[in-house]
Number of protein chains: 2
Amino acid sequence: MEHNLRDYFEKTLKEVAIDCVIFGFHAGELKVLLLKWKGTDGWSLPGGHILLDESANDAANRILMERTGLGEIFLQQYYTFGAVNRYTHYSEAELLEKLEITFGKGFFEGIIFRRTVSIGYFALVEFDQVSPAPDWFTDECRWWNLADVPALLFDHNEMIERALTALRQHIRNQPVGYNLLPEKFTMPELQRLYETILDRQFDRRNFQKLLMSYDILEKLDEKRVGVANKSPFLYRFDKLKYERAMETGVAFSM
Amino acid sequence: MEHNLRDYFEKTLKEVAIDCVIFGFHAGELKVLLLKWKGTDGWSLPGGHILLDESANDAANRILMERTGLGEIFLQQYYTFGAVNRYTHYSEAELLEKLEITFGKGFFEGIIFRRTVSIGYFALVEFDQVSPAPDWFTDECRWWNLADVPALLFDHNEMIERALTALRQHIRNQPVGYNLLPEKFTMPELQRLYETILDRQFDRRNFQKLLMSYDILEKLDEKRVGVANKSPFLYRFDKLKYERAMETGVAFSM
DNA sequence: TTTTCTTTGTGTAAAATTTACGCATTGAAA
DNA sequence: TTTCAATGCGTAAATTTTACACAAAGAAAA
């Protein structure tokens, strides 16, 4: 294992990292996937390094796949973090110390703990499709409600903040939902997604009118049953039309 | 010189480059600043590397300063280019060959020609304030009309394209002009700037109404004299209000 | 000197978009 | 069987955006 690790890092760019803010949506809450580092109480975003024969975008996709099992997912670069000191919470020395207890003295020397810039990506994934998987480096991988995210390692809190800003910018020009919601969903569910991301309320009649005007939704003949009160219709995204709307753009003007 | 160069690169991140798309505006045309590499007919964007004790943003500002003499200028990161092979126009081998003729065999070994990702920044500067300055590496530095930009080294044509896209996105939410126009300017000049960036025409009455609604412009008692036909009023940006508008954002809705 | 002609300065009406809101219907829960 | 919160659908008001006309300035032409 240790040997493989060294091999891996020999094949990567050392001064460049990739970190992914993976957003999910469940029970009306926006969530991010975080990893807990072995031997510490420190959490971080899933990240990694770029293989020498791999583009940054491919690397981000690989990392997303490793952590969630999902490919072909909406994934977008949003900012590159290039501060001189990106350690918060723990200093570099403190973190190193803790990790050496778990992984052995000198194990990380020259591998991770040098100055790196990190390219931030955010991804939108379908909550139910993800089986969060820790790796050799971490002993836990799970969803956190955005509001409950603790103080993270490095500058990862800032990364999440900026990713959310980028997502909010994104949702104003592109449709959102294809990767965040299950295949079939109701209009109130879609509305709640938008309301959660933008942290405000919309009039449901105007919301429906606007979203339908994008011509990306297919209204099904089914209704969600067993739910309280009047059962709402189910909708599904028309994949082709959705993709076309991603290219041409839409104006979420509410 | 050669020794200083090596010293410099010893103090920088080697796998990360910074490239700046520096936009200027003159005579109704949008321009970018390009450098011609010694011993080649290849042009590129001004760029450089990050010093070990310097943030990426500081590095971009330093590069901008080195090339234009300007500081405190609007400068924004817009994308990080991470393709495996970023050589176009010339291949890595061809470029190396040409440069070795000028700079001597082996001079660049291990310094520049390894795989790097590049963080792209775009800057908006006041054309008249800039005295383009080539460096030891280049023998010419000058403005190019955006439409006339030739095939550039590396992926720099793509960088300019994406920078323009980012600028067009930017202008929809933030006021533009403070750094691109001289201190005093006329409303038609400001309008031409917007028209050039967005590559479309606006009704001058609606344009004036909208821009004045931002409450960032100060109408002066002077007029531009000596110009053909009716002399237009001069305006100037209110720096404080302009900066406030940059923070709160504006909606350029035309 | 006078006339011409392009450019600028200003205001108002029409069109389109966005927002506000009413009421009937459904179906689980009381 | 009744209640009641949530859903489905449509219309009016408010706001924003777009379209457009005419007078005035001043350099250039006659």
Side-chain angles (χ1 to χ4, degrees), chain A residues 27-28 168 171-173 175 177 181-182 184-196 198-236 245 248-254, chain B residues 27-28 168 171-173 175 177 181-182 184-196 198-236 245 248-254:
Chain A
R168 284 176 175 160
I171 205 176
R172 303 237 140 243
N173 300 305
L181 294 172
K184 298 174 183 181
F185 50 89
T186 67
M187 193 56 77
E189 282 163 0
L190 180 58
Q191 180 174 344
R192 218 143 298 140
L193 171 61
Y194 271 71
E195 289 179 337
T196 304
L198 292 170
D199 193 27
R200 49 175 296 235
Q201 308 281 107
F202 302 109
D203 181 282
R204 82 202 142 79
R205 292 151 289 189
N206 295 334
F207 180 85
Q208 164 142 356
K209 225 184 306 174
L210 184 59
L211 268 285
M212 289 309 280
S213 78
Y214 296 167
D215 188 32
I216 54 175
L217 287 168
E218 189 182 349
K219 184 175 180 176
L220 305 175
D221 275 339
E222 310 168 59
K223 295 184 170 191
R224 169 135 306 160
V225 291
V227 74
N229 306 321
K230 183 170 181 177
S231 37
F233 281 104
L234 287 170
Y235 293 80
R236 156 170 73 193
T248 60
V250 298
F252 186 78
S253 49
M254 296 182 94
Chain B
R168 284 177 175 159
I171 204 176
R172 303 237 141 243
N173 301 306
L181 294 172
K184 298 174 183 180
F185 51 86
T186 67
M187 193 57 78
E189 283 164 0
L190 180 57
Q191 181 174 343
R192 217 143 301 137
L193 172 62
Y194 271 71
E195 289 179 337
T196 304
L198 292 170
D199 193 27
R200 49 174 298 235
Q201 309 280 107
F202 303 109
D203 180 282
R204 79 200 147 78
R205 293 152 289 191
N206 294 335
F207 180 84
Q208 164 141 358
K209 224 183 309 174
L210 184 57
L211 268 285
M212 289 308 281
S213 80
Y214 295 168
D215 188 32
I216 54 174
L217 286 169
E218 187 182 350
K219 184 176 182 175
L220 305 175
D221 275 339
E222 309 168 61
K223 295 183 168 188
R224 170 137 301 161
V225 291
V227 73
N229 308 318
K230 182 168 181 175
S231 36
F233 281 103
L234 286 171
Y235 292 81
R236 154 171 75 193
T248 59
V250 297
F252 186 78
S253 48
M254 296 181 96

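Note that the coordinates shown come from a computational prediction; the quantities given were computed from them, not determined experimentally. So you know, we letter chains A, B, ... as the sequences are listed, proteins then strands, and number each from 1.
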Without decimals, in angstroms, what is the distance between [X] [atom1] and [N] [atom2]?
| X | N | atom1 | atom2 | result |
| --- | --- | --- | --- | --- |
| B:Arg200 | D:dT17 | CZ | P | 13 Å |
| B:Glu189 | C:dT8 | CD | C1' | 13 Å |
| A:Phe202 | C:dA20 | CZ | C1' | 15 Å |
| A:Asp203 | C:dT18 | CG | C1' | 11 Å |
| B:Phe207 | D:dC20 | CZ | C1' | 19 Å |
| B:Met187 | C:dT10 | CE | C1' | 12 Å |
| A:Leu210 | D:dC9 | CG | P | 17 Å |
| B:Arg224 | C:dG9 | CZ | P | 12 Å |

So how far is it from [X] [atom1] to [Y] [atom2], rounded to the nearest 0.5 Å?
| X | Y | atom1 | atom2 | value |
| --- | --- | --- | --- | --- |
| B:Thr186 | B:Lys223 | OG1 | NZ | 12.5 Å |
| A:Thr196 | A:Gln191 | OG1 | CD | 10.0 Å |
| B:Phe207 | B:Arg192 | CZ | CZ | 10.0 Å |
| B:Tyr235 | B:Gln208 | OH | CD | 4.0 Å |

List the atom of [X], the atom of [Y], and the distance in Å for their closest heavy-atom pair.
| X | Y | value |
| --- | --- | --- |
| B:Leu193 | B:Gly177 | CD2-CA, 3.8 Å |
| B:Ile171 | B:Phe252 | O-CB, 3.5 Å |
| B:Glu195 | B:Gln201 | OE2-CA, 3.5 Å |

Sidechain-backbone polar pair: A:Tyr214 side chain, A:Ala251 backbone, donor-acceptor under 3.5 Å: yes
Flag, side chain of A:Arg172 to backbone of A:Met254, donor-acceptor distance under 3.5 Å: yes
Touch class at under 4.0 angstrom, heavy-atom based, for A:Met254 against every strand present: sugar-phosphate
Sugar-phosphate or base contact per nucleotide [nucleotides 21-30 of chain D; S, B, -; heavy atom under 4.0 Å]: B--BBBS---
Between protein and nucleic acid, restricted to nucleotides 11-16 of chain D and to nitrogen or oxygen atoms under 3.5 Å apart, what atom pairs and distances do you find?
| from | atom 1 | to | atom 2 | distance (Å) |
| --- | --- | --- | --- | --- |
| D:dT11 | O4 | A:Lys209 | NZ | 3.0 |

